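Let me begin by presenting the structure, written as structure tokens, before commenting on it.
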There are 2 protein chains.
Amino acid sequence: MSMRRVAQELDTGPASLYAHVSSKEELLELVYDRVLGEIRLPEPDPARWKEQLRAYALEMHLVLGSHRDVARAALATIPTGANSVRAGEFVYRLLLEAGMAPREASLAMDRLILYVIGDAYEGSLHHGRMRAAGIDDPGEYFENFVGQIAAYYRALPRDRFPYLTKHIDDLIADDGEQRFYYGLDLFLDGLEARLSKP
Amino acid sequence: MSMRRVAQELDTGPASLYAHVSSKEELLELVYDRVLGEIRLPEPDPARWKEQLRAYALEMHLVLGSHRDVARAALATIPTGANSVRAGEFVYRLLLEAGMAPREASLAMDRLILYVIGDAYEGSLHHGRMRAAGIDDPGEYFENFVGQIAAYYRALPRDRFPYLTKHIDDLIADDGEQRFYYGLDLFLDGLEARLSKP
DNA sequence: ACCTGAACACCGTTCAAGT
DNA sequence: ACCTGAACACCGTTCAAGT
């Protein structure tokens, strides 16, 4: 996304955008909030906090995957939009009602959001690379990507890198989706463990 | 970092760089690997895997904080440099010797690295914003940043956002370092729990 | 093999001038 | 209050020409 391209889409010049927005960063934050609005929030149910938090993370991840710069804008910004606050209240409430102390719930919310955005941002970088390479099919791109890693690892000297060279198949077994799930569930299980023995 | 500025530092033109490197991305990957070389790896000790993994994550986080574009380059790239492979062998070995199955160790390594890089990247975005705002002291910047969040939350209607408005102090209590530690320890504790009951 | 100047095709943002 | 053309100060990369 470039200011000049946005302006072009609106049949105007880039300077005109600055009558409505003070910078590209501000525009991206507005887009971010609008994108968050696409997430449907269920009625919070403390008994199912883990399930609901997981569903929220998956939806947010999906919705952020749409555009590269949005995920970056979501990092290190003050979440100030209406939808952002709405989502924040939902997540925070769920953690509190699950039994977490306010301060720990704050930390947990912060880290969950960072994880989702971080993974989405990495995904969008991959997406950009895919387009740059002229590949259309994500599966084909993934094959290509891990294939290069595998080839490189296979060429490493076994005596100096015994562990990496021995388990190449395991290193490339899981795709991006499975990696995201693994980290998400590790996180949620970790929260649950802290709840049961504080 | 821009190609033109690198060239200037080397008293030459930007075009000259392309005799040594095929793109800016490739140059950044070379910088990334050099930066990883600054991490000192201890003799792996399976009995202290958690402690050693934690120390590694802290060192990597510190070393990545130096330059914004490096953390971004570290995302979504094939880690192909000598130091990168050296570090990968260390982390992977530690996880395996701790008792993890090869496939799960692969996932755990991937997520740990993503977490460290993701947090470092967010930190570098903050750093950039700090410089843009003309602030020199990180403490002052942090005060400023959380102060804006707090003011915004305080102005929210209490009936619509009861949870966020009630715990503003807890929401802004921890700084970046403490947040990083919380997520890191949650991750490591999670791994430990999976090891004890597989 | 390495370097260079000049050019190409872009950026975000500002600012005086217009309505 | 909103819009505009033109300009400023940058980008990454290419390419013919040089050594």
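Note on naming: letters A, B, ... go to the chains in the order of the sequence lines (proteins, then strands), and numbering restarts at 1 for each one. From a predicted model like this one, the values you see are computed outputs, not experimental measurements.
If you take CE of Met3(A) and P of dT4(D), they are 14 Å apart, rounded to a whole angstrom. Note: CD (Gln8(A)) to C1' (dC3(D)) measures 18 Å, nearest angstrom. Per the geometry, CZ belonging to Arg4(A) stands 12 Å off C1' belonging to dG5(D), to the nearest Å.
Between Phe145(A) and His126(A), the ring planes lie perpendicular to each other; the angle is over 60°, past the 30° to 60° tilted range. Phe180(A) and His61(A) have parallel rings, their planes meeting at less than 30° on a 0 to 90° scale where 60° marks the start of perpendicular.
Taking only side-chain nitrogens and oxygens, Arg5(A) comes nearer than 4.0 Å to OP1 or OP2 of dC11(C).
Screening Asp174(A), Asp170(A), Asp169(A) against Arg103(B) for a salt bridge (Lys or Arg N to Asp or Glu O under 4.0 Å) leaves a single residue, Asp174(A).
Taking the ring centroids of Phe187(A) and Phe187(B), they lie at or beyond the 6.0 Å cut-off.
The backbone N or O of Lys50(A) lies less than 3.5 Å from no partner atom in the side chain of Glu192(A), so there is not a single donor-acceptor pair.
Heavy-atom minimum distance, Leu94(B) versus Asp45(B): CD1-N, 4.0 Å.
Comparing the P positions of dC10(C) and dA9(D) gives an interatomic distance of 22 Å, to the nearest angstrom.
With respect to the salt-bridge test (charged N to carboxylate O, under 4.0 angstrom), the residues Arg54(A) and Asp185(A) qualify.
Annotation: proximity of residues 11-27 of chain B to DNA chain D (heavy atom, distance under 4.0 Å) is found for Pro14(B), Ala15(B), Tyr18(B), Ser23(B), Lys24(B), numbered in ascending order.
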Bracket string, DNA chain C, 5' to 3' - pairs by Watson-Crick or G-U geometry under 3.5 Å, | interstrand: ||.|||||...|||||.||
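Looking only at atom types and distance, the side chain of Tyr32(B) has no donor-acceptor partner in the side chain of Thr77(B) under 3.5 Å away.
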